[in-house]
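Scroll down for the structure; my scribbles are underneath it.
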Amino acid sequence: MIESMIDLLTRVVLIMEDGGSGKVVVLVDMDCFYVQVEKRLHPELKDKPCAIVQYNKWQGGSIIAVDYEARKYGVKRSLKGKEAKEKCPGIHLVQVPEKRRKADLSNYRKASGEVMKVLSGFTSVIERASIDEAFLDLTEPVKDYINSNSFDSLEFHADLKSTHVAGCNDDDDTHKDDCDLRISRGDWFKSSCSSDERVLIVAAILVQRIRETILNEVGFTCSAGISHNKMLAKLAAGMHKPNQQTILPQSQVDVVFSTTLLKKVRHLGGKLGEQVQDKLKIECVGQLQEYSLKVLQEKFGLKTGSWLYELCRGICHEKISNRIITKSIGCGKNFPGPSKLKTAKAVKYWLEQLSRELVERLEEDMTENTRQAQSITVHFLPEGQASSVARTFALPSYNTSLIVNNSWNAINKGHKPVTNEESHLTWTTGILNIHLSAGKFVQCGKGHMKSLLQLMSSDQECSFVSASSSHSSIITGKEVTQMTLCKEEREDAVLTTTPTITEQDQSLETSSMNITKFFTPIKRKGSLETQLDRNAKRREVVLEEIKGTLESDDDTIIDNQFEAVLCSECGEEVLKFVLEEHMDYHFALSLDKDSQIN
DNA sequence: ATTTTGACGCT
DNA sequence: AGCGTCAAA
């Protein structure tokens, strides 16, 4: 009974030409993004087959992006650089930059930001879906455009060269079919076209402009899918690449779905897609239409069942959030097989490297987005375990030592050493991966007029932490006085951390890694901006002093960075502000020795 | 020995 | 909070 009512309602919805969404949704997807970023940086690579690799010591590195020229030779993601050379001897392999002995993706994040900025010029509703993809809600812009005067004077054939309509044989130039004629002739547009297709064609004109603007302003090509919801837009975007766009109207859904493999649909590319395929013995999305809502819910649960029921009819209610910056900032590194971390020294070294990258990125994020992360989660994968372990702790200030120490404690809790010989703890099992992720961002700082306005006007994505008096919380056994997060109170916030140094910590403190003290208390006075200004000034001075020969250093604010000290390892005089890097250098040497012994 | 990310759902 | 899934380069 209920089922037949839902079937009836669904049929009614389907009579509505756009599947009931009433929206215009676009997915913009950059073509082989990392390759384009590198080619912009190295124009001589233009028109040459090219792939991006991470690292290259082992098998020529792992490929993470491939341009369309190289794809012709069968070069794919996840191949080794070496294998790519075999398939395509002329290929140019560009390495991802490395910093602190790990891959550094910041160039690509910056380029992504450039694209997002251009997109924000066209519509107020943008969802960053990944580093190179964004969903746009063009419903309003399309309405505006239709209501504007320029609408009548459209010349479709001129503007829609790179536009396709899904489900039409538009690949063969000699056999232009109905779909192509539709979009290339204004007269058809005015007379013989359903209203949902009409808005999508107008959207296609806007998307064409958006893509041209991205190319002109930041120099990247992209592809796009134009439809009524996220699922269809994403599917459409993949149909014609690179540098093209595809309309997928509701009227074409059945035709397209009759040959679309399940795993090609968003969210069905993994285990669920396999389950659906196996349980129902079907291959294509369209075949799902043969199953009642009841049966789908029995087999896959209430929620997933109704999701599948609607999905195969082209209906998808996934909301487009309004957010072009990430909700978390993280970095991690794998230590596969032979390179697994076996000593406390090695773990601390990499925690230091990861923490420094994280703090660097968090500080940039703060100046860029006037927000501050409130928590860190450390993930690590002990050898022999199926899944990684995660532990979360509070982040009262952006401080490398704090992150290193809390992470170290977290890792130690469930991972006991078998021997403990003077800063050389050894575990029965090694550590195969460490990942640090900062999250729980709250808006902060001055210049809050603008950010507050943004906050108020945007949909739920941003949330306030209500301004209240300072409170303490117990997290991972450490008492932390948190700052008040909003408004004026913040100005006078003073941070204190209460150190609880364990025996193990102290034994480690003698290790060459521990340059700064654990939980160096940080007192803050004055506004955030003042702090940032000071940091910026300090960096300028430092940069001038060392003439750009060294990475600018980060975190721990020490009064006199220019005081020289004698290095305990080599006896050289070293300025304090490069001491950490200097010790890293020694440690890297010792690690290399270690690995030679092994 | 793909690696390094990031979002979200489940419990 | 911690784990699992899915996805992108």
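Just so it is clear, the model here is predicted, and its values are computed rather than measured. Labels below follow one simple rule: chain letters A, B, ... track the order of the sequence lines, proteins then strands, and each chain is numbered from 1.
- Nearest heavy atoms, A:Arg371 versus A:Ile329: NH2-CD1, 4.3 Å.
- With C1' as the reference atom, B:dT2 and C:dA8 are 14 Å apart, rounded to whole Å.
- Between A:Ala129 and A:Phe335, the residue anchored nearer the 5' end of DNA chain B, judged by the nucleotide with its closest heavy atom, is A:Phe335.
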Checklist entry - Going through the checks in order, is the side chain to side chain donor-acceptor pair (under 3.5 Å) test met by A:Ser124 and A:Asn322? => result CA-CA 8 Å; A:Ser124 55; A:Asn322 188 5; 5.8 Å; no

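- Taking 4.5 Å as the limit, every side-chain heavy atom of A:Leu272 sits out of range of all side-chain heavy atoms of A:His267.
- Between the side chains of A:Asn406 and A:Arg391, no donor N or O sits under 3.5 Å from an acceptor N or O.
- Using a 4.0 Å heavy-atom cutoff across all strands shown, A:Val37 reaches no nucleic acid atom at all.
- Put simply, the side chain of A:Thr123 does not reach to within 4.5 Å of the side chain of A:Val26, judged on heavy atoms.
- Among the protein residues, A:Gln59 comes within range of no part of the nucleic acid, since none of its heavy atoms lies under 4.0 Å from any strand.
- The shortest distance between side-chain heavy atoms of A:Phe122 and A:Leu136 does not fall below 4.5 Å.
- Per the geometry, CD belonging to A:Glu98 stands 12 Å off P belonging to B:dT5, to the nearest Å.
- Within the nucleic acid shown, A:Ser339 has no heavy atom closer than 4.0 Å to any nucleic acid atom.
- For the segment residues 62-82 of chain A, residues with any heavy atom less than 4.0 angstrom from an atom of DNA chain C are, sorted by number, A:Ile64, A:Ala65, A:Arg77.
- Distances from the side chain of A:Tyr55 to the nucleotides B:dA7, B:dT5, B:dT4 place B:dT4 closest.
- Not one side-chain nitrogen or oxygen of A:Lys333 sits closer than 4.0 Å to the OP1 or OP2 atom of B:dT3.
- Contact annotation: A:Lys340 does not reach the phosphate of B:dA1 (side-chain N/O to OP1 or OP2, under 4.0 Å).
- Between A:Phe220 and A:Phe33, a ring centre-to-centre spacing shorter than 6.0 Å is recorded.
- A sub-4.0 Å separation between OP1 or OP2 of B:dT4 and a side-chain N or O of A:Tyr34 is absent.
- Summarising the geometry, the separation between CD1 on A:Ile329 and P on B:dT4 is reported as 18 Å, rounded to the nearest angstrom.
- Backbone-only engagement by A:Lys234 is indicated by non-hydrogen atom pairs under 4.0 Å involving sugar-phosphate atoms exclusively.
- No side-chain heavy atom of A:Arg356 sits under 4.5 Å from any side-chain heavy atom of A:Glu360.
- Contact of the A:Lys102 side chain with the A:Gln353 side chain is not registered, since no non-hydrogen atoms from C-beta on lie closer than 4.5 Å.
- Counting to the nearest Å, the C1' atom of B:dA1 and the CG atom of A:Leu341 are 15 Å from each other.
- On the nucleic acid side, DNA chain C has its first and last nucleotide under 4.0 Å of a heavy atom of chain A at C:dA1 to C:dA9, going 5' to 3'.
- Look at CD1 on A:Ile131: it is 19 Å from P on B:dT3, rounded to the nearest Å.
- A:Leu272 comes within 4.0 angstrom of sugar-phosphate atoms only, judged by non-hydrogen atoms across all strands, and of no base.
- Ring pair A:His379/A:His435 is perpendicular by interplanar angle, where above 60° counts as perpendicular and below 30° as parallel.
- A sub-4.0 Å separation between OP1 or OP2 of B:dA1 and a side-chain N or O of A:Asn334 is absent.
- Between the NZ atom of A:Lys102 and the P atom of B:dA1 there is a distance of 19 Å, rounded to whole Å.
- Considering only side-chain N and O atoms, A:Lys303 lies nowhere under 4.0 angstrom from the phosphate OP1 or OP2 of B:dC8.
- Here B:dA7 presents its C1' atom at 14 Å from NZ of A:Lys440, a figure rounded to the nearest Å.
- Looking at A:Lys333 and A:Glu357, no side-chain N of the basic residue comes within less than 4.0 Å of a carboxylate O on the acidic one, giving no salt bridge.
- Among the atoms of the strands shown, only primed sugar atoms or phosphate atoms (P, OP1, OP2) are found under 4.0 Å from some heavy atom of A:Val389.
- Note: OH (A:Tyr108) to P (B:dT4) measures 13 Å, nearest angstrom.
- Remark: P of B:dT5 and CG of A:Asp132 are 16 Å apart, rounded to the nearest angstrom.
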